[in-house]
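What follows is a set of notes on a single structure, which appears directly below.
No hydrogens, no waters, no symmetry mates; every other heavy atom, side chains included, goes into these values. Residue indices begin at 1 and follow the sequence shown.
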Amino acid sequence: MRQGKDQAVAGDGGTPLPDEIAAGNAGQAETWNGDDGRYWVQQRERQEARYRLLTPHLMAAAGIRADSRVLDIGCGSGGTSLEAARAAAEGSVLGVDVSAPMLAAARKQAAGSGLPQITFERGDAQVHRFEDGAFDIAISRFGVMFFADPEAAFANIARALRPGGQLAFLCWRSLRDNAYLTVPMDAIAPYVQLPELDAPGAPGPFSLADADRIKKLLDSTGFDEVTISAVDEPMWMGPDPDDVVAYQLDMPGSRAMLAEASAEARAKTVTALRDALAEHQGSDGVTLGSAAWLVTARRR
């Protein structure tokens with residue numbers, strides 16, 4: 001498999017971007033190599049805890065065997081790659097992501113895991129030059145919704161799988177179905193300008209919220225036996241409201257949003273968010289609902 005060389009120029013003036021980035025995905029690559037990528041590295045353990053009830057659905061659907069060759073798309077800081085490698089003890093796992101900071105964290109985790117079958121490459125799965133038929137299984141945990149050209153991306157993933165190879169991924173259902181976002185957003189909406197997360201047809205966390213679109217997309221890019229199942233699980237947000245408020249308002253997007261608000265609006269935002277989260281405090285901490293699609297298919 002070929003890994004593109006790094007370019008000399010980066011969107012944030014720091015981390016270079018890989019050569020193999022589709023033109024439409026350059027903005028995403030710059031984001032994940034900038035403050036967002038560094039922030040999610042810092043929050044790696046929390047993110048794994050947030051997904052602790054979702055990840056087992058993905059792994060069960062993937063059907064990874066001891067000798068499987070696994071491709072992890074949008075692997076981030078490597079949580080799902082590690083899970084896959086534990087199952088593929090005699091096989092191999094390749095994690096691919098555009099984010100250099102997150103891949104550095106993934107490599108560090110892998111180095112201390114005793115799982116030498118994991119490797120990582122930096123690249124854009126929409127155009128990355130995977131070897132044809134190199135993998136038995138492709139997985140992704142919320143990493144396939146950001147492609148500028150999803151048809152090209154899934155066709156490229158299909159080519160990377162052997163005939164009959166398995167695809168399994170999680171993607172978000174609609175924004176309004178996901179209380180882990182709507183509860184905080186509804187609380188602070190009167191005081192700040194919220195970002196648009198679900199623009200129709202645009203790359204983003206909810207670009208695959210329409211199950212019919214997923215089915216047509218996979219049917220047209222070399223897959224069959226498509227199944228799409230709803231997964232609803234509580235998501236642990238943090239141990240208490242103050243912790244979750246600090247976590248959420250420290251996100252790069254939140255910091256930018258608050259920077260444009262008045263001091264009074266910022267103070268009201270903090271209070272409203274804390275009050276809303278307090279209503280969801282339980283013995284395990286603050287928990288809010290999540291709603292995803294679990295999608296499986298086979299390369300035709």
Side-chain angles (χ1 to χ4, degrees), residues 1-3 20 22 54-76 78-97 106 110 115-121 123-147 149-173 207-208 210-231 292-300:
M1 280 169 246
R2 180 182 180 278
Q3 183 178 8
E20 293 181 340
L54 291 163
T55 302
H57 291 278
L58 174 65
M59 293 302 164
I64 299 171
R65 300 177 309 187
D67 61 349
S68 293
R69 301 166 300 163
V70 182
L71 171 64
D72 188 1
I73 304 152
C75 66
T80 45
S81 299
L82 288 167
E83 289 287 333
R86 292 184 186 104
E90 300 168 12
S92 63
V93 178
L94 172 65
V96 174
D97 203 286
L115 299 169
Q117 67 270 41
I118 308 177
T119 57
F120 296 96
E121 290 186 9
D124 176 356
Q126 181 174 315
V127 294
H128 196 67
R129 300 177 190 178
F130 300 112
E131 180 183 345
D132 288 357
F135 302 97
D136 304 303
I137 300 167
I139 63 171
S140 184
R141 185 182 66 185
F142 306 115
V144 294
M145 302 92 70
F146 302 95
F147 297 118
D149 186 344
E151 289 82 4
F154 280 102
N156 197 39
I157 293 164
R159 283 192 294 272
L161 286 168
R162 63 168 174 79
Q166 172 89 334
L167 171 68
F169 65 85
L170 284 167
C171 62
W172 296 119
R173 302 206 315 263
S207 68
L208 297 179
D210 184 343
D212 288 339
R213 184 188 185 205
I214 297 172
K215 179 69 163 58
K216 291 175 182 176
L217 179 61
L218 294 179
D219 284 344
S220 67
T221 54
F223 292 97
D224 56 20
E225 299 183 34
V226 178
T227 66
I228 304 173
S229 306
V231 174
W293 293 123
L294 175 64
V295 181
T296 63
R298 292 200 177 275
R299 179 184 170 181
R300 193 173 298 121

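Looking at R299, its side chain never comes within 3.5 Å of a backbone N or O of G164 through a donor-acceptor pair. Without hydrogens or angle criteria, Q117 side chain to A88 main chain gives a donor-acceptor distance under 3.5 Å. Put simply, the side chain of Q126 gets close to the backbone of D149: a donor and an acceptor are under 3.5 Å apart. No donor-acceptor distance shorter than 3.5 angstrom exists from the side chain of E90 to the backbone of R65, with no hydrogens or angles considered.
Contacts classified as salt bridge (Lys or Arg N to Asp or Glu O under 4.0 Å) and involving residues 158-168 (residues at least two apart or in different chains) are given here: D136-R162.
Using a 4.5 Å cut-off on side-chain heavy atoms (C-beta onward), V127 and N156 make no contact. Between R141 and L54, the closest side-chain pair of non-hydrogen atoms is not below 4.5 Å. In this structure the side chain of D124 reaches within 4.5 angstrom of the side chain of F147, judged on heavy atoms.
The salt bridge (charged side-chain N to carboxylate O under 4.0 Å, His left out) check on E225 picks up R298, with sequence neighbours excluded. Legend: residues meeting salt bridge (charged side-chain N to carboxylate O under 4.0 Å, His left out) with K216, ordered by chain and number and at least two apart, are absent.
Of all non-hydrogen atoms in A158 and T221, the two that sit nearest each other are CB-O, 3.4 Å. For the residue pair C171 and V295, the shortest heavy atom distance occurs at SG-CG2, 4.5 Å. Pairing each heavy atom of M145 with each of L170, the nearest pair is SD-O, 4.3 Å. Summarising the geometry of A138 relative to L161, their closest heavy-atom pair is N-CD2, 3.6 Å, with the distance given to 0.1 Å. Closest approach of L294 and H57 over heavy atoms only: CD2-O, 3.8 Å. Across all their heavy atoms, R213 and P150 have their closest contact at NH2-CG, 3.5 Å.
One distance of note links CZ of F135 with CD1 of I157; it measures 11.0 Å at 0.5 Å rounding. Interatomic distance, CD1 of I137 versus OG of S68, reported as 3.5 Å (0.5 Å rounding). The distance from atom CZ of F146 to atom CG of L208, rounded to the nearest 0.5 Å, is 9.5 Å. Put simply, OG on S81 and CG on L94 are 8.0 Å apart, with the number rounded to the nearest 0.5 Å. Once rounded to the nearest 0.5 Å, the distance linking CG of D72 with OG1 of T119 reads 11.0 Å. Rounded to the nearest 0.5 angstrom, L58 CG and S140 OG are separated by 8.0 Å.
For R86, the CZ atom sits in a packed shell: over 12 heavy atoms of surrounding residues, nucleotides or ligands are nearer than 6.0 Å.
Taking the six-membered ring where tryptophan is involved, the planes of W172 and F142 are essentially parallel, since the angle between them stays under 30° and well short of 60°.
Of the options I214, L167, I73, a side chain to side chain contact (heavy atoms under 4.5 Å, CB included) to F154 is made by L167 and by none of the others.
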message = Quick one, I64 with Q166, criterion side-chain contact (heavy atoms from CB on, under 4.5 Å). Give me CA distance, side-chain angles, the key distance, then yes/no.
response = CA-CA 9 Å; I64 299 171; Q166 172 89 334; over 6 Å; no
